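Report on one structure; see the data block that follows.
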Amino acid sequence: MAKTGVFIEIGDGRVKETNFGVLTAARGASGNNEVYAFIMNADGNAVKDDLSAYGASKVITITSSGDIGASPDVQAAAIGAAAKEYGVDALLGLFSATGRDMFARVAAMMDEPMVSDCIAVDIDGKSGVKSHFSGKTFATIKLDCNVMLATIRPNAIEPAQAPVDAEVISYSAPPGDAGKVKVIEVKKGGAEKLDLTEAPVIITGGRAIKASENYRMLEECAAVIGAAVGASRAAVDAGYAPHSMQVGQTGKTVSPKLYIACGVSGAVQHFAGMKTSKVIVGINTDKDAPIFAKCDYGIVGDIFEVVPALTEALK
Amino acid sequence: MKICVCIKHVPDTAASIKLTGENGFEDSECKFVVNPYDEYGLEEAVSLVEKNGGEVVVLTVGKEAATATMRSAMAMGAHRAIHVKTGGQFLDSALTSRALKAAIDKDGAFDLIFTGKGSVDTEGFQTQYRLAAALGLPVVNEVSRLTVDGTKAVVERETGSGEREVLEMPLPGIIGATKGLNEPRYPKFPDIMKAKKKPIDVISISDLGIDEASGKSTLVKLESVPERSGAKMLQGSVKDQVTELVRILKEEEKVI
Ligand SMILES: Cc1cc2nc3c(=O)[nH]c(=O)nc-3n(C[C@H](O)[C@H](O)[C@H](O)COP(=O)(O)OP(=O)(O)OC[C@H]3O[C@@H](n4cnc5c(N)ncnc54)[C@H](O)[C@@H]3O)c2cc1C
Ligand SMILES: Nc1ncnc2c1ncn2[C@@H]1O[C@H](COP(=O)(O)O)[C@@H](O)[C@H]1O
């Protein structure tokens, strides 16, 4: 029975949905691993029930004498120290903007090898499966390590509940140096939209969307099923959508249950970011568009007719 | 300013990858390029030096064939190159960062070091952090905006749903570049000709005291991702098609 730590990401006081798949992975093949949930800048009692429902028996709230939010170096040092204090065999987290930065810092600090963006992990075997070559291949990487470090692609592992009793423990990290890199400002995004990597369903508009105001048509459809709206690089480069909406190699890697690509040709670099979605639907006027060779369901048609009809049908 | 840009020699993202054996691929059959994210770092370095004077040195740890990739980088404006030669394409990122550090120490301190946000072949997202730890320098990755101000830099990175973080770091430091930082230039013919004469300093990785086989992460298997076999095309009027799609998504796939 291994002891596994999970770095939990919290937004607006709540555990982000995508953490539950990571907790599920942390329980290991036997399902019996002892799971330590590490949280930072949050109230352990407020999130304890959510975490214990997915098998975390220890909720460790990490505090530090310094301003823990002020530097990613300080945060990484605190997590590394907590992992050591509780003697975890593995430390898992999300391959999100926060998680991947944090884990790379922890790995470098601890001088331990790490696998990023895993779609599966084997904690006993100390290995992870991840994309290589822009989603064209899966690589299995085995680590020769003391503590196994891995980040998991959001939504790649199906969450499964496994309720346990949990206790909240507070851990104060030893004061280290103040960190060289300092956060001096956080600029909020426009509207508080659902983050693409968190969304269970994504509707993407490609170059065919033709104008930024036409994304409203996709947003209306998305609103009916609680989806987020994405964009292809061609649409972003044309100025129709901000880069934060871009899916693909240069944008976000997503793994929703359902991905609907509207007026997207289906380039390799776009697929690199959404290939591991469970179901992919393509809507394109060109019956020979490459997307149809690589998706699950296809509709040949004009997005300006098909999407409003789909919105109606979903209501 | 003396600026280093770490550049990885990688297969073009559009290239098809032919697998060989348990964990190899046929690298003689695909086109290699400068890792696309490293190009953003390179462009930034070249334009900083155009403004402030100095030199841009590209640094690659890679196989013999990486020479061509380094020439492309020099055609984009780098002044010279350092090539740490390896036998294989898949090198553990800890070893890569040790090799990068050793080459940097040998060349003498830099004011700024650029990398890409990640490599498009192994997608490790960590070499720059390991190099930073080895050199004792600050690092920020996924940087899409940079202002250099004397001995410090102010950088911006996207963190999710359009939120952006502004960070400050002392220099020298390491910056992992990504899209948005700039538009990398296309070299013109005379630049390509000039690049052929620029110096490449070649060092073997074993001369840096690094054993290529001593990595702690091993690629045990490389397999093609099964492609979907082609879409089931829906038929009938637009209304019929969307009705059928919604039925399938609800009843068969159970995804909505
Ligand atoms: C290093 C690198 C990284 C990249 N990273 C990314 C990335 O992160 N994300 C990404 O998306 N791309 C990326 N690309 C670009 C990628 O190669 C493609 O150029 C891009 O994905 C094309 O976007 P698109 O499908 O929207 O546009 P297009 O290829 O122009 O396709 C538009 C499609 O819409 C269809 N169409 C037109 N009008 C309509 C209509 N009214 N109704 C329905 N269909 C219609 C057309 O038939 C066509 O198939 C990258 C490229 C490189 C080299
Ligand atoms: N072999 C290499 N030679 C030079 N730079 C490298 C090498 N491997 C990685 N890098 C740099 O480190 C960044 C991150 O790489 P990775 O950790 O492989 O995703 C890349 O964008 C490069 O700038």
Side-chain angles (χ1 to χ4, degrees), chain A residues 97-98 100-101 104-105 107-109 113-114 116-117 131-145 180-190 193 195 201 225 242-244 249-250 257-258 268-269 278-279 282 292-299 301 305-306 309-310 313-314, chain B residues 11 13-14 16-17 19 92 94 120-126 129-130 132-133 138-142 154 158-170 178-180 216-225 227-228 230-234 238-239 241-243 245-246 248-249 253 255-256:
Chain A
T98 305
R100 63 174 167 260
D101 181 64
R105 287 180 199 277
M109 219 173 265
M114 169 179 75
S116 298
D117 198 18
S131 156
H132 264 189
F133 302 115
S134 321
K136 289 188 282 274
T137 65
F138 284 145
T140 304
I141 294 174
K142 192 168 163 49
L143 305 179
D144 171 8
C145 56
K180 299 190 185 86
V181 175
K182 298 227 161 51
V183 178
I184 53 175
E185 190 189 345
V186 176
K187 298 181 179 170
K188 288 281 170 208
K193 286 184 195 151
D195 188 66
V201 179
I225 45 173
H243 182 251
S244 58
Q249 172 126 46
T250 335
K257 284 201 279 253
L258 173 62
V268 167
Q269 298 91 351
K278 187 157 177 256
V279 175
F292 291 134
K294 299 185 285 192
C295 72
D296 299 294
Y297 300 98
I299 292 181
E305 270 178 57
V306 178
L310 180 61
L314 286 166
Chain B
T13 54
S16 61
I17 301 294
L19 301 179
D92 177 290
V120 299
D121 57 352
T122 53
E123 307 176 21
F125 297 96
Q126 50 189 284
Y129 293 88
R130 296 187 188 278
V139 57
V140 181
N141 200 30
E142 300 188 58
V154 175
E158 216 176 79
T159 50
S161 39
E163 194 178 279
R164 300 178 70 80
E165 221 172 51
V166 185
L167 302 106
E168 194 180 278
M169 66 198 280
T178 192
K179 186 179 177 237
K216 286 185 176 171
S217 58
T218 313
L219 175 62
V220 288
K221 193 155 100 190
L222 196 58
E223 57 198 318
S224 289
V225 172
E227 287 289 348
R228 289 165 161 86
K232 173 173 190 235
M233 302 303 291
L234 299 162
V238 167
K239 188 154 181 292
Q241 294 190 57
V242 297
T243 309
L245 178 65
V246 171
I248 293 172
L249 297 176
E253 300 284 2
V255 289
I256 52 173

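Naming: A, B, ... by sequence-line order, numbering from 1 per chain. Everything numeric in this text was worked out from a predicted model, so none of it was measured.
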**Q.** Heavy-atom side-chain contact between A:I299 and B:V242 under 4.5 Å
**A.** yes

Q: Give the member of B:P170, B:G180, B:A94 that has the highest number of heavy-atom pairs under 4.5 Å with chain A.
A: B:P170

Q. For A:H243 and A:T250, which heavy atoms make the closest approach, and how far apart are they?
A. NE2-O, 3.1 Å

(Q) Using heavy-atom distances under 4.5 Å, tell me whether A:E185 contacts chain B through its side chain, its backbone, both, or neither. (A) both

Q: Select, from A:T98, A:V268, A:V306, A:L310, the one with the greatest count of heavy-atom pairs under 4.5 Å involving chain B.
A: A:L310

(Q) As an exercise, state the distance from CG of B:L19 to OG1 of A:T137, rounded to the nearest 0.5 Å. (A) 6.5 Å

Q | Most contacts with chain B, counted as non-hydrogen pairs under 4.5 angstrom, among A:A313, A:S131, A:A107 | A | A:S131

**Q.** Portion of B:E227 that has a non-hydrogen atom of chain A nearer than 4.5 angstrom
**A.** side chain

Q. Quick one: does B:K179's side chain get under 4.5 Å of A:Q249's, heavy atoms only?
A. no

**Q.** Structural part of B:A231 lying under 4.5 Å from a heavy atom of chain A
**A.** both

Q: Determine the option with the most heavy-atom pairs under 4.5 angstrom with chain A, choosing from B:Q241, B:E123, B:R130.
A: B:E123

Q) Relative to chain B, which segment of A:V201 carries a heavy atom at a distance below 4.5 Å: side chain, backbone, both, or neither? A) side chain

Q.
For chain A, which candidate among B:V246, B:D92, B:T178, B:N141 shows the most heavy-atom pairs at distances under 4.5 Å?
A. B:V246

**Q.** Most chain B-contacting option - heavy-atom pairs closer than 4.5 Å, from A:D195, A:T140, A:I141
**A.** A:T140

Q.
If I compare all heavy atoms of A:H132 with all of B:L219, which pair ends up nearest, and what's the gap?
A. CE1-CD1, 4.1 Å

Q.
Suppose we screen for side chain to side chain contact (heavy atoms under 4.5 Å, CB included). Which residues come up paired with A:S244, at least two apart in sequence or across chains?
A. A:P242, A:K252, B:E158

Q) So which of B:I256, B:V139, B:V154 has the biggest tally of heavy-atom pairs under 4.5 Å with chain A? A) B:V139

Q | Choice from A:D117, A:V183, A:V186, A:D296 maximising heavy atom contacts with chain B below 4.5 Å | A | A:D296

Q: With a 4.5 Å cut-off on heavy-atom pairs, point out which of A:G135, A:C295, A:G301 contacts chain B the most.
A: A:C295

(Q) Could you tell me if A:Q269 and B:T13 have a donor-acceptor pair between their side chains, going purely by distance under 3.5 Å? (A) yes

(Q) With a 4.5 angstrom heavy-atom cut-off, is it the side chain or the backbone of B:L234 that approaches chain A, or both, or neither? (A) both

Q. So what's closer than 4.5 Å to chain B heavy atoms on A:C145: side chain, backbone, both or neither?
A. neither

Q.
So which atom in A:F292 and which in A:G298 form the shortest heavy-atom distance, rounded to 0.1 Å?
A. CE2-CA, 3.6 Å

Q) Side chain, backbone, both or neither: which part of A:A139 has a non-hydrogen atom closer than 4.5 Å to chain B? A) both

Q | For B:P11 against B:V120, the heavy-atom pair lying closest together | A | O-CG2, 4.1 Å

Q.
Looking at chain B, which one of A:K187, A:K294, A:R105 has the largest number of heavy-atom pairs inside 4.5 Å, strictly under?
A. A:K187

(Q) Do B:I17 and B:L222 have side chains that approach each other closer than 4.5 Å (heavy atoms only, starting at C-beta)? (A) no

Q. Measuring from A:I225:CD1 to A:K257:NZ, what's the distance to the nearest 0.5 Å?
A. 11.0 Å

